[in-house]
Amino acid sequence: DYPLNPPKVNFTTKIFHPEVTRNGSICSYHFGPKFWHSGKTIREFLMNISNMLHNPSEGETGCELFDEASILLKTNPAAFKEKAKEWTAK
């Protein structure tokens with residue numbers, strides 16, 4: 001479907017993040033067809049993913065499975081960072 005639709009990304013490393021599902025898919029609406037256009041490059045797409053990972057959204061992400069990550073990020077950012085490190089170290 002690329003370049004008419006955004007590339008599909010699936011992390012193989014377990015990631016504790018409000019915008020990544022338990023199966024590793026990015027579920028942020030910023031990466032969906034609504035915000036994609038065929039003129040975007042893979043470089044831009046990867047930069048957006050990097051930004052998302054470094055700056056997780058504290059708002060509604062649409063990831064019901066990761067409400068835990070969103071709540072922890074809002075209530076205790078230090079604990080969120082620690083848990084995220086633990087998940088990727090496994």
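Please read all numbers here as calculations on a predicted model, not as lab measurements. Worth knowing before you read on, the calculation uses all heavy atoms, side chains too, and leaves out hydrogens, waters and symmetry mates.
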Residues in ring pair (Phe, Tyr, Trp, His ring centres under 6.0 Å) with F45, at least two apart?
F31, W36
If I compare all heavy atoms of T41 with all of E44, which pair ends up nearest, and what's the gap?
N-OE1, 2.7 Å
In I49, N55, N48, the residue satisfying side-chain contact (heavy atoms from CB on, under 4.5 Å) with N51 is N55
If we ignore hydrogens and angles and just use 3.5 Å, is the side chain of H17 paired with the main-chain N or O of M52 as donor and acceptor?
yes
Report the distance from atom CZ of R22 to atom NZ of K14, rounding to the nearest 0.5 Å.
7.0 Å
Side-chain contact, heavy-atom cut-off 4.5 Å: Y2 with S38?
no
Over all heavy atoms of both residues, which pair between A69 and P18 is shortest? Give the atoms and the distance, please.
CB-N, 3.7 Å
Please set out all donor-acceptor pairs under 3.5 angstrom arising from side-chain atoms of residues 4-12, sequence neighbours excluded.
| residue | atom | partner | partner atom | Å |
| --- | --- | --- | --- | --- |
| N10 | OD1 | S25 | N | 3.0 |
| N10 | OD1 | S25 | OG | 3.2 |

Under 3.5 Å: donor-acceptor pair, side chain of S50, backbone of L46:
no
What distance separates I71 CD1 from N76 CG, expressed to the nearest 0.5 Å?
13.0 Å
In one Ile/Leu/Val/Met/Phe/Trp/Tyr side-chain cluster, 4.5 Å: L72, W87
yes
